[in-house]
There are 2 protein chains.
Amino acid sequence: MVTLKELAKLLNVSISTVSKALSDSNEIGETTKNRVNELARELNYKPNRIAQQLKSSKTMVVGVVVPSLMNPFFAEVVHGIETTLDNHNYDMTVCISNESLEKEQRSFDLLSTGSVDGFIVAVARETQTKHSINHFNRVGKNTPIVMFDRVINDVECTKVVVDDFQSVYDATKYLIQEEHRKKILLISNIEELSVGKYRINGYNKAIGESGLSPNILKLGREKNPRTFIYNYLNKNPEIDAILSIDHITGIMALNKSKLVGKRIPEDISVIGFGYEDAKYVSSPKISVIDQKAFEIGQNSAELLLNHLGSVEKIPHKTIMVKSELIFNDTTQKKA
Amino acid sequence: MVTLKELAKLLNVSISTVSKALSDSNEIGETTKNRVNELARELNYKPNRIAQQLKSSKTMVVGVVVPSLMNPFFAEVVHGIETTLDNHNYDMTVCISNESLEKEQRSFDLLSTGSVDGFIVAVARETQTKHSINHFNRVGKNTPIVMFDRVINDVECTKVVVDDFQSVYDATKYLIQEEHRKKILLISNIEELSVGKYRINGYNKAIGESGLSPNILKLGREKNPRTFIYNYLNKNPEIDAILSIDHITGIMALNKSKLVGKRIPEDISVIGFGYEDAKYVSSPKISVIDQKAFEIGQNSAELLLNHLGSVEKIPHKTIMVKSELIFNDTTQKKA
DNA sequence: CTGTTAGCGCGTTCAG
DNA sequence: CTGAACGCGCTAACAG
């Protein structure tokens, strides 16, 4: 790596002259600037970012800590984050917590020692169930944190949440009022997460308001979710609508509905959750509550950059990204 | 952020004494060590990584440049990379090229100026079609590069490739010899990528050896691939097996086969490509050529770490990660 | 217009 | 056993 020092030596000028010349300071004469710039280009000089970071105590790097990248929702959020960060010349260090509290803590503690200017995080399952928040508070004192989707209310920081309650409430209402469904099954494998609870609450409220009775199938970490769903549908043929609150069980339920001989959407409506791409792998194309993952990522990054850009402390706020009920071919109303 | 200097001041000792005490140097007396360690813990002292990096000219960070994270194959590879890096206390900076040459170049040039110790990359589509390799050579002189999956032969670096040709050849042979299929359709949306071409070659060789005639459906960037597939299957009812060489069209074809009234796997066998999780969203569970994406990531990271760990130059090599034909429920042979 | 000096935070000689 | 001094590469205040 060629450094300022080398350039200075070769040109018989001082280091700071070179530095100033390269940053086009008006303290330096045209001729010297030209000499410097030419040699720099010739030798392909690039300032060492680490040294700049040490000097400025800014890294232009954001730490992104997510539970998984194999979950398409998180993958898309990260894509949104990257897009916005790139527009502002920031890089991102990605850590995958694997839903582990310990890993999440380690990532925060390591990166917070100068490696990043801020964090964007969706907290791990274990962190949420154990309600462990020390690492956030420890780090958050010096480094801004933005939480998205999986947030912890007790941590004071900026948050980007999904309208979990409302979106499921609305979808349930739709099934009741527009499609006149009577036996609506809610299906889930994330009932222990905060977002899962909000979504279930939305369902329960809508069901309660209509005098119907709830049917909830909680799969959790069930080993054979598909068999489980199949058996349930077989034993409960009166089910006339299925609403999934995660990105996978909706498609499973759709497939199993066909197997038990239901016509879709005539006999049974299906609404999935999470991301629009689900329609590519489902048949018929599944209708979904689209969480707008990309936007969530963009918003998270923008809010963080606001904090990084301003000198004084900005008050923390919580913004909500509205989901959209997208009608494809598993509901009676079509696109 | 608390620094060595602050600790030194509070304890009335010199900075270097604190530094040595914290690294448990035997130059320092027990009592001093204890005093230092206690205060350090109390004030939650953590060494500034940027300063360490500048000093050591090692960052313990790897740059990972991939075309996309929404493609589950790349998401899983990145997961594998992260797992291995984490075991060795490395972090990763992830850049998404979005298949753009310009973005890929920018990532390489920026990160190579001290930010990372090495790179792992799957080259962008545009880079591959334009065969632009200057940025790799420029950076590769000082910083080791590992390419995976989408590699460029002319660049001298370590490579991790998939047995694209062989895996598709074997799967085709299987369909011919074990299942006695006569009209095997190859379906693809990546025929312009190098890996796509290798896979098609594997198919053609197996077909040719058996005296059958090839049937290839190239979807490219087709807007309505599903309709396209449906129409094709309708017009060609003699098709008795489908082999997809990407991670998505196999599931589409499976769904459409059911729609045209085929029994699976009695009337028609389906083999998908890419990742085993595909079975969760397909019904019946799709049989696949599993690319071992996680292993590819692990291997890439390990090879890079070898280079980073050794002082002298290690010769570049190319390793191949073997895929596995996984039998689920869309082939006559079952798991 | 150019150079000297200092310092970001750390680790590591070398002197005492 | 402890401290002073230096340098990693860069920027910026301050002299000249």
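The structure displayed is predicted, hence computed values, not measured ones. Order of the sequence lines sets the chain letters (A, B, ...), proteins ahead of strands, with each chain counted from 1. Computation of the quantities below employed the complete heavy-atom set of this structure, encompassing side-chain atoms and omitting hydrogens, waters and symmetry-equivalent molecules.
- Among B:Asn153, B:Val151, B:Ile152, the one residue that satisfies the side-chain contact (heavy atoms from CB on, under 4.5 Å) test with B:Val155 is B:Ile152.
- Atom CD1 of A:Ile50 and atom C1' of C:dC10 are 14 Å apart (whole Å).
- If you check D:dA4, C:dC10, C:dG3 against the side chain of B:Pro47, the one that comes closest is C:dC10.
- Among the protein residues, A:Ser23 comes within range of no part of the nucleic acid, since none of its heavy atoms lies under 4.0 Å from any strand.
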Does B:Lys103 form a salt bridge (charged side-chain N to carboxylate O under 4.0 Å, His left out) with B:Glu126? I'd like the steps, not just the answer. CA-CA 10 Å; B:Lys103 177 79 190 295; B:Glu126 189 186 355; over 6 Å; no
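- The base of D:dA4 lies close enough to the side chain of B:Ser16 for a donor and an acceptor atom to sit less than 3.5 Å apart.
- We find that CD1 of A:Ile15 is positioned 12 Å from C1' of D:dC8, with the value rounded to whole Å.
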Pair A:Leu304, A:Ser300 - check side-chain contact (heavy atoms from CB on, under 4.5 Å), show working. CA-CA 6 Å; A:Leu304 182 62; A:Ser300 303; over 6 Å; no
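- For the pair A:Lys5 and A:Ser19, nearest-nucleotide mapping onto DNA chain D gives the more 5' position to A:Lys5.
- B:Asn142 places its CG atom 13 Å from the P atom of D:dG9, with the value rounded to the nearest Å.
- As judged by a 4.0 angstrom heavy-atom cut-off over every strand, B:Ser56 is placed among residues making no nucleic acid contact.
- You'll find that the side chain of A:Lys55 is closest to C:dC8, out of C:dG9, D:dT2, C:dC8.
- Sequence order on DNA chain C of the closest nucleotides to B:Ala51 and A:Asn26 puts A:Asn26 first from the 5' end.
- Of the listed nucleotides (D:dC10, C:dG9, C:dT2), C:dT2 has the atom at the smallest distance from the side chain of A:Ile28.
- When rounded to the nearest whole Å, the span between CD of B:Glu6 and P of C:dG7 equals 16 Å.
- Among the protein residues, B:Gln52 comes within range of the sugar-phosphate backbone only, with heavy atoms under 4.0 Å from sugar or phosphate atoms but none that close to a base.
- Side-chain contact of B:Glu192 with B:Thr129: a donor-acceptor pair under 3.5 Å is absent, judged by distance alone.
- B:Ser16 and B:Ser14 share a side-chain donor-acceptor pair at under 3.5 Å.
- Below the 3.5 angstrom threshold, one finds a donor paired with an acceptor across the side chain of A:Lys20 and the base of C:dG3.
- Not one side-chain nitrogen or oxygen of B:Tyr45 sits closer than 4.0 Å to the OP1 or OP2 atom of C:dG9.
- Across all strands shown, B:Leu54 has heavy atoms under 4.0 Å from base atoms, whether or not it also approaches the sugar-phosphate.
- Between the P atom of C:dG9 and the NZ atom of B:Lys46 lies a distance of 17 Å, rounded to the nearest Å.
- Put simply, A:Thr17 has a side-chain N or O that comes within less than 4.0 Å of OP1 or OP2 on C:dG3.
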